[in-house]
Amino acid sequence: MHYDVIVIGMGAMGAATLYQLARRGVRVAGLDRFAPPHDQGSSHGDTRITRQAAGEGAAYVPLALNSQRIWRELEALSGEALFEACGMLMLSDSRMPSRAPGTADYAGDTAALARAFGIEHSLLNAARIRERFPQFAGFGEQAVGYYEPGAGYVRPERAIDVQLRLARQLGADLYPDTAVTAIESRGQGVRVHTRNGSLTADRAIVSAGMWAGDLLGEPFDRLLRVCRQQLFWFALDEPERFAPGSPVYILLHGVADTESCYGFPPLPGENAIKIATEQYADAGDPDAIDRTISQAEIDAMYETHVAGRLLGVSRRAVKTRVCTYTVTPDFGFIIDAHPRLAGVTVVSACSGHGFKHSAGIGEALAMQQCGETGAADVSAFSLARLAGGGH
Ligand SMILES: Cc1cc2nc3c(=O)[nH]c(=O)nc-3n(C[C@H](O)[C@H](O)[C@H](O)COP(=O)(O)OP(=O)(O)OC[C@H]3O[C@@H](n4cnc5c(N)ncnc54)[C@H](O)[C@@H]3O)c2cc1C
């Protein structure tokens, strides 16, 4: 079969790109080593935070806004609930800078971007935080808050599933359980080799997540690090503290990468909250990730991040999961042409903050491929900025 475009990897980025290409009438095929949505990559665990004023930088804001618009369109088309705009509270400590990877003042940058883009938000002092959000009263007198009502959470597995289903209805050929083993540029096109044979296309888009480095070789294998992350669902002792309308939250309680966490309100019908940390010290082989979480890790999570900060939450973990961030040296995205494979565009695994931008990235790539004007500008995510870099 010969296609206009082959998309390799049907996770967050790939599903969005397939849907957007298919709805533009492009002859497109999607390939994945598993059957997405699955729990082997970077897009599982029930929920992902979406924020409009993405403190990682101005280039991300249009992608976040476009994604929220697209999820609403997808909800109307599919009848599935994908995006819950429950608001987001970012809490930091007024006595110290609110660091996050790749930024020097995360809360300050977030508020500045909200002002620059006219995004609705409010800044809260400790008294106001206690009054509006009693579950965070333990944060203390030094707490300062940034609240964004248009933020919330997305359902990653559902969003992937809906976009793949719609893509198939629109004529895309999907090949789950088909691992790509090599990509070759030939003359005017590309040949994609799998364990079951090969396919050709005019162009290919590689959104292979944590396995992108292995598949794409230099410089991606040098630039991308795969970091194990842990997710915990703790049962609530006082569910009334997390009343309907409770926001997603980011708690920045120290300056080290390990001194922050983020989480979600209980999902409808559940009596537990999901909470997670980020770590960048421990990176490894994507095929050798330890996918179990020990009782010691559960206890450490509770003591370090929950106890005394989040009120009404028990130390009883009802569920745990391991997921992976695939990070670049500056924690930004790579969305660019492959330097040696003509006709191949790479969308990196997006460094732990990609889901909120995925629908917008799929749209921008499809518009680019179709030569449409007005696509979101992704030039900030060039490979050249990382030239010669490594971890
Ligand atoms: C714990 C955790 C929490 C996160 N929280 C947030 C959040 O709150 N907000 C946010 O915006 N982002 C968040 N992120 C980041 C976001 O989820 C990721 O950036 C995004 O899901 C990555 O999407 P992807 O398409 O790059 O990778 P994936 O969704 O993993 O997709 C890659 C796909 O490629 C396939 N593949 C790989 N190799 C091959 C091959 N050789 N042949 C065929 N197929 C292949 C894989 O099977 C997989 O399906 C979080 C990530 C994690 C891990």
Side-chain angles (χ1 to χ4, degrees), residues 6-18 29-52 54 56 60 63-64 67-68 88 151-157 159-160 163-164 174-183 192-196 199 204-216 224 226-232 248-250 261-264 274-279 286-287 289 320-328 331-335 346-362:
I6 292 175
V7 177
I8 299 169
M10 299 194 284
M13 306 300 157
T17 308
L18 278 160
L31 284 76
D32 201 287
R33 59 190 292 161
F34 299 112
H38 59 74
D39 63 0
Q40 300 298 301
S42 300
S43 299
H44 57 280
D46 304 345
T47 45
R48 290 291 184 269
I49 291 180
T50 166
R51 295 170 276 120
Q52 298 178 333
E56 289 80 9
Y60 294 96
L63 293 173
S67 296
Q68 292 194 350
M88 186 274 298
Y153 62 83
V154 200
R155 308 294 294 255
E157 293 93 342
I160 290 172
Q163 289 171 106
L164 292 180
L174 306 187
Y175 299 87
D177 300 311
T178 305
V180 171
T181 50
I183 308 164
V192 173
H193 297 273
T194 78
R195 294 194 204 292
N196 314 328
L199 298 171
I205 293 175
V206 181
S207 46
M210 64 198 270
W211 290 276
D214 288 349
L215 185 62
L216 296 166
L224 299 178
V226 177
C227 301
R228 174 180 179 267
Q229 309 295 344
Q230 306 170 22
L231 304 171
F232 304 84
V248 298
Y249 45 91
I250 299 177
C261 63
Y262 63 91
F264 301 80
K274 176 180 143 187
I275 180 161
T277 49
E278 302 189 322
Q279 73 79 27
D287 292 315
I289 298 287
T320 58
R321 289 287 181 275
V322 165
C323 197
T324 53
Y325 282 9
T326 306
V327 296
T328 61
F331 301 97
F333 296 175
I334 299 172
I335 304 177
V346 176
V347 189
S348 90
C350 297
S351 295
H353 54 107
F355 206 93
K356 70 179 70 58
H357 307 297
S358 57
I361 288 174

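Indexing begins at 1, ligand by ligand and atom by atom, following the structure's order.
- Taking each of G11, S42, P36, A35 in turn, the one with a heavy atom nearest to atom 30 (O) of ligand 1 proves to be S42.
- Taking the salt bridge (charged side-chain N to carboxylate O under 4.0 Å, His left out) definition, one finds that R228 meets it with E297, sequence neighbours left out.
- Taking each of A54, C227, A208, A212 in turn, the one with a heavy atom nearest to atom 37 (C) of ligand 1 proves to be A208.
- Below 4.0 Å from some heavy atom of S207 lie the following atoms of ligand 1, by number and element: 32 (C), 33 (C), 34 (O).
- Classified by interplanar angle (parallel below 30°, tilted 30° to 60°, perpendicular above 60°), the ring pair Y60/H357 is tilted.
- Looking at atom 43 (C) of ligand 1, its nearest protein heavy atom turns out to be R33 N, 3.2 Å.
- Side-chain N or O atoms of Q52 include none that pairs as donor or acceptor with a backbone N or O of A151 at under 3.5 Å.
- In terms of modelled atom types and a separation under 3.5 Å, the side chain of S207 and the main chain of I8 share a donor-acceptor contact.
- Distance from atom 12 (N) of ligand 1 to its nearest protein heavy atom, with residue and atom name: F355 N, 3.2 Å.
- Summarising the geometry, atom CE belonging to M88 is positioned 11.5 Å from atom CZ belonging to F264; distances are rounded to the nearest 0.5 Å.
- Regarding atom 35 (C) of ligand 1, its nearest protein heavy-atom neighbour is D32 OD2, 3.2 Å.
- Distances below 4.0 Å separate heavy atoms of Y262 from the following atoms of ligand 1: 1 (C), 2 (C), 3 (C), 4 (C), 5 (N).
- With distances taken over non-hydrogen atoms, the option nearest atom 4 (C) of ligand 1 out of E157, R48, M210 is R48.
- Under the salt bridge (Lys or Arg N to Asp or Glu O under 4.0 Å) criterion, the residue pairs touching residues 31-41 are R33-D287, with sequence neighbours excluded.
- When hydrogens are left out, the protein atom nearest atom 8 (O) of ligand 1 is I49 N, 2.8 Å; that is the closest non-hydrogen contact.
- Contact annotation: for W211 versus ligand 1, heavy atoms closer than 4.0 Å belong to the side chain alone.
- The heavy atom nearest to atom 28 (P) of ligand 1, out of those in G9, A64, S43, is found in S43.
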